K.L.:
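Please see the structure below; I have some questions.
Quick caveat: nothing in here was measured; it's all calculated off a predicted structure.
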There are 2 protein chains.
Amino acid sequence: MKNRPYHHGDLPAALLARAEQTLREKGSGALSLRELAREIGVSPAAPNRHFKTKQALLDALALTGFERLAETLAASQEGVGAAFAARMDAAARAYVGFAVANAALLDLMFSVKHSPEASEALGAAAQQWSEQLLELIGDGQRRGEVREGQLERVALPVFAALHGYAGLAVSGMLPAEVTEHGLDDLIASILRSCAPQ
Amino acid sequence: MKNRPYHHGDLPAALLARAEQTLREKGSGALSLRELAREIGVSPAAPNRHFKTKQALLDALALTGFERLAETLAASQEGVGAAFAARMDAAARAYVGFAVANAALLDLMFSVKHSPEASEALGAAAQQWSEQLLELIGDGQRRGEVREGQLERVALPVFAALHGYAGLAVSGMLPAEVTEHGLDDLIASILRSCAPQ
DNA sequence: CCTACATTGTAATCAGTGTATACATTGGAG
DNA sequence: CTCCAATGTATACACTGATTACAATGTAGG
């Protein structure tokens with residue numbers, strides 16, 4: 001009679017999906033486990049089985065965010081040539097695009113408060129992402145299109161510029177007319193600061 | 001008999017002060033109006049008189065943050081010469097220093113969620129802060145130590161780099177040993193990307 | 001096939017929160 | 001000195017996250 005069986009089938013996935021949807025629509029502050037359970041149609045305590053605490057749900061959400069960011073970044077490199085400038089341009093647009101398209105998610109990913117154990121998995125995810133950029137820059141160095149120096153130390157300012165621009169854009173600190181040419185200027189600035197010699 | 005009079009004297013200030021303290025100690029998530037009232041010794045509904053909503057309290061907190069950031073930034077310019085490199089160096093260290101010393105506050109300041117009316121005052125505060133950096137860079141241009149171009153467009157990448165580095169440091173994405181030389185590298189990168197010609 | 005058991009979901013409950021409303025106390029302007 | 005606006009209190013409501021004991025379900029091992 002009841003179309004909803006006792007067991008949901010895949011509650012964790014449903015929770016994450018729904019959570020990301022309301023995250024996108026209403027922001028991270030308006031995320032309630034109970035409401036999530038209500039929308040999905042399970043009891044208020046059901047999520048507890050899969051996410052011991054609300055923070056655990058948020059951490060899991062952040063983790064999926066890092067995975068998707070990594071995919072987005074990887075996809076941005078396809079079809080682009082081998083030239084450093086082109087690759088960096090594509091990566092920058094991909095990163096900033098992901099950021100503004102998933103503002104609340106990005107906030108979560110780089111939030112200060114993470115459960116100590118989850119920070120291990122999250123740290124790994126974040127590191128994996130950073131390694132994509134490191135490889136990009138390392139390639140640039142080998143091609144002689146990026147200044148020499150310890151890779152991490154060359155890359156850090158690039159990280160900072162990208163992350164900062166994304167943060168500013170997400171926070172609404174950039175007037176709409178600025179966002180237009182802003183990214184172009186940023187990329188140019190990054191390339192300038194990376195230039196050899 | 002009771003040493004606490006009916007009227008507190010300056011509840012708003014007490015609230016803000018206490019709020020900032022717990023913000024620094026326990027993070028922005030663990031900020032409860034009721035607990036604040038409890039600690040100060042007033043009724044749970046008392047804060048409502050001065051901050052209609054919790055978000056209003058957070059906005060006010062963010063506003064004081066911008067004011068203090070402006071002071072910090074201004075103070076960093078005293079005793080430094082007129083050379084652009086020195087001024088930018090001082091400003092960058094001041095900004096990042098403020099950020100790591102007030103991590104949770106900075107999160108609040110650049111948080112996405114602001115009450116629409118408060119965003120006016122906040123926007124003004126943020127803009128005032130940005131104008132300090134704009135003036136710094138404009139001076140550099142006039143001295144011929146910074147590349148030419150529309151001021152805002154030259155400044156934006158600098159903003160992004162500073163803000164991003166602060167964000168990364170605050171999020172704990174930077175290993176401790178990196179933070180040491182990281183800021184030096186960042187400043188060098190900024191100066192490089194600002195250089196004329 | 002069927003039974004023990006671990007998974008998963010439910011029901012009920014607790015402490016705590018933000019907010020609103022009606023009421024009490026106070027201090028200061030006219 | 002009086003009246004009134006400002007400030008603080010008491011109480012209540014609708015939430016939330018989390019815990020606990022219990023019920024339904026799938027799934028290996030005999």
K.L.:
Map B:P44 and B:P12 onto DNA chain D by nearest heavy atom, then report which one ends up closer to the 5' terminus.
P.N.:
B:P12
K.L.:
Rounded to the nearest angstrom, tell me the gap between atom CD in A:E35 and atom C1' in D:dT16.
P.N.:
11 Å
K.L.:
Does any residue of residues 48-65 of chain A have a heavy atom under 4.0 Å from DNA chain D, and if so, which ones, in number order?
P.N.:
A:N48, A:R49, A:T53, A:K54
K.L.:
How far apart are the closest heavy atoms of A:Q141 and A:G149, and which atoms are they?
P.N.:
NE2-O, 3.0 Å
K.L.:
Give one of base, sugar-phosphate or nothing for B:L31, where a contact means two heavy atoms less than 4.0 Å apart.
P.N.:
sugar-phosphate
K.L.:
Rounded to the Å, how far apart are B:L15 CG and D:dT7 C1'?
P.N.:
12 Å
K.L.:
Looking at B:R142, B:R147, B:R143, which one forms a salt bridge (charged side-chain N to carboxylate O under 4.0 Å, His left out) with B:E145?
P.N.:
B:R143
K.L.:
Is B:S32 near enough to C:dT17 that one of its side-chain N or O atoms lies under 4.0 angstrom from OP1 or OP2?
P.N.:
yes
K.L.:
Measure from the side chain of B:S43, starting at C-beta and using heavy atoms only, and say which of C:dG9, D:dT19, D:dT9 lies closest.
P.N.:
D:dT9
K.L.:
May I have the distance from A:E39 (atom CD) to D:dC15 (atom P), rounded to whole angstrom?
P.N.:
14 Å
K.L.:
Closer than 4.0 angstrom, basic N to acidic O: yes or no for A:D184 and A:R93?
P.N.:
yes
K.L.:
Check the distance between D:dT16's P and B:R34's CZ and give it to me in whole angstrom.
P.N.:
16 Å
K.L.:
Please report, rounded to the nearest Å, how far the C1' atom of C:dT8 is from the CD1 atom of A:I40.
P.N.:
14 Å
K.L.:
Counting only side-chain heavy atoms from C-beta out, which of C:dT17, D:dG8, C:dG9 sits nearest to A:L11?
P.N.:
C:dG9
K.L.:
Does the distance from a Lys or Arg side-chain N to an Asp or Glu carboxylate O, for B:E35 and B:K26, drop under 4.0 Å?
P.N.:
yes
K.L.:
Looking just at side-chain N and O atoms, do A:H163 and B:Y165 make a donor-acceptor pair shorter than 3.5 Å?
P.N.:
no
K.L.:
Around atom CD of B:E120, are there more than 12 heavy atoms from other residues, nucleotides or ligands closer than 6.0 Å?
P.N.:
no
